[in-house]
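Residue numbers count from 1 along this sequence.
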Amino acid sequence: MRAEVSHRAGDRCEYCQMHQAMQGATFHVEHIVPECQGGRNDFENLAWSCPSCNLHKASRLVAADEVTGHSVRLFNPRSDSWEEHFSWNGYLIIGLSAIGRATVAALRFNDERRVRIRRVEELVGLFPPT
């Protein structure tokens, strides 16, 4: 199952789009809806996730949109389009919707370490993601 989830994602985190090749740690098979919240352990509820996204998401399904202050659901890589909720501004990921903004903030997409990794990804032809 792990190999299938990785293949479906193209070896990229389905949240922040980081490539597995540039990580020192192994990516995780992440439950989109956590098992502790009733999520199943089946292929459609699994996502390929870098350790940072998985650890920051943890068992959360919602987070606050920094613009409205409202609680909204986090990005779901099985039912949401990445391009609808996020865009690139150089090496930064910008949230285009309430879901995108809440996910960018909650999963800390733009912390300094991730920006540095994106710069290195560019040097080896892995950034921007296609």
Side-chain angles (χ1 to χ4, degrees):
M1 180 86 72
R2 181 177 174 76
E4 292 175 30
V5 174
S6 171
H7 178 74
R8 175 180 61 195
D11 291 326
R12 287 192 179 276
C13 175
E14 294 188 74
Y15 295 97
C16 73
Q17 300 294 298
M18 189 166 299
H19 198 280
Q20 166 97 34
M22 302 310 297
Q23 283 290 318
T26 304
F27 276 28
H28 302 169
V29 174
E30 191 266 333
H31 289 84
I32 298 165
V33 176
E35 290 179 295
C36 67
Q37 301 229 20
R40 298 184 321 223
N41 195 27
D42 64 22
F43 191 61
E44 287 306 307
N45 189 44
L46 300 176
W48 197 237
S49 178
C50 71
S52 186
C53 281
N54 190 30
L55 294 172
H56 286 108
K57 181 176 174 281
S59 63
R60 293 192 287 179
L61 292 173
V62 300
D65 172 14
E66 293 179 334
V67 171
T68 66
H70 295 122
S71 183
V72 298
R73 70 177 176 81
L74 293 172
F75 175 75
N76 180 328
R78 295 286 76 74
S79 61
D80 295 327
S81 163
W82 200 92
E83 293 78 14
E84 181 180 326
H85 296 285
F86 310 102
S87 69
W88 292 102
N89 182 3
Y91 300 111
L92 301 178
I93 299 174
I94 306 302
L96 301 175
S97 65
I99 289 169
R101 291 186 300 268
T103 303
V104 166
L107 277 58
R108 301 182 190 169
F109 281 179
N110 296 316
D111 70 22
E112 184 180 333
R113 185 186 65 79
R114 292 193 202 207
V115 171
R116 283 194 311 260
I117 290 171
R118 291 177 192 132
R119 287 186 176 125
V120 174
E121 283 184 344
E122 186 174 43
L123 294 173
V124 297
L126 294 173
F127 183 87
T130 55

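The closest side-chain heavy-atom distance from V29 to M1 is not below 4.5 Å. Within the 4.5 Å cutoff, no side-chain heavy atoms of C13 are placed close to those of Q23. The side-chain heavy atoms of L46 and H31, taken from C-beta on, include a pair separated by under 4.5 Å. Counting heavy atoms from C-beta outward, F127 and M18 have side chains that stay 4.5 Å or more apart. Looking at F27 and P51, their side chains come closer than 4.5 Å, going by heavy atoms from C-beta outward. In this structure, the side chains of C16 and R114 come closer than 4.5 Å at one or more pairs of heavy atoms. Side-chain contact check for V104 versus I94: every heavy-atom pair is 4.5 Å or farther apart. When side chains are defined from C-beta on, L126 counts as touching R12, because their heavy atoms get closer than 4.5 Å.
Counting all heavy atoms, side chain and backbone alike, S59 lies closest to Q37 at O-NE2, 2.8 Å. Looking at every heavy atom in both residues, G10 comes nearest to H19 through O-NE2, 3.9 Å. Shortest non-hydrogen contact noted between S49 and N54 is OG-N, 3.1 Å. Of all the heavy atoms in V5 and W48, the pair that sits closest is CG1-N, 3.6 Å. In this structure, V33 and G38 approach most closely via the heavy-atom pair CG1-C, 4.4 Å. Minimum interatomic distance between R60 and A106 (heavy atoms only, all atoms of both residues): NH2-O, 3.1 Å.
The only member of V72, V67, L96 that meets side-chain contact (heavy atoms from CB on, under 4.5 Å) when paired with R101 is V67. Among Y15, F86, F75, W88, the single residue meeting the ring-ring contact (aromatic ring centres under 6.0 Å, His included) criterion with F109 is F86.
By the 4.0 Å N-to-carboxylate-O rule, R8 lies too far from E4 to be salt-bridged with it.
Within 6.0 Å of CZ in R108 there are 12 or fewer heavy atoms belonging to other residues, nucleotides or ligands. No more than 12 heavy atoms of other residues, nucleotides or ligands shown are found within 6.0 angstrom of CD on E66.
Remark: L61 CG to L74 CG distance equals 7.0 Å, nearest 0.5 Å. The structure places CZ of R73 at 4.0 Å from CG of D80, a figure rounded to the nearest 0.5 Å. E14 contributes atom CD, which lies 9.5 Å from atom OG of S6 (distance to the nearest 0.5 angstrom).
Both W82 and Y91 sit in one connected hydrophobic cluster of ILVMFWY residues. Membership requires side-chain heavy atoms under 4.5 Å apart, directly or through other members.
Side-chain atoms of H85 and S97 form a donor-acceptor pair, as typed in the model, at a separation below 3.5 Å.
Under the 3.5 Å distance criterion, the side-chain polar atoms of H28 are left unmatched by any main-chain donor or acceptor of E30. Between the side chain of N45 and the backbone N or O of R40 there is at least one donor-acceptor pair closer than 3.5 Å.
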- Hey, mind stepping through I93 and R118 against side chain to side chain contact (heavy atoms under 4.5 Å, CB included) and telling me if it holds? CA-CA 11 Å; I93 299 174; R118 291 177 192 132; 3.4 Å; yes
Q: Show your reasoning for whether side chain to side chain contact (heavy atoms under 4.5 Å, CB included) applies to E121 and I117.
A: CA-CA 6 Å; E121 283 184 344; I117 290 171; 4.2 Å; yes
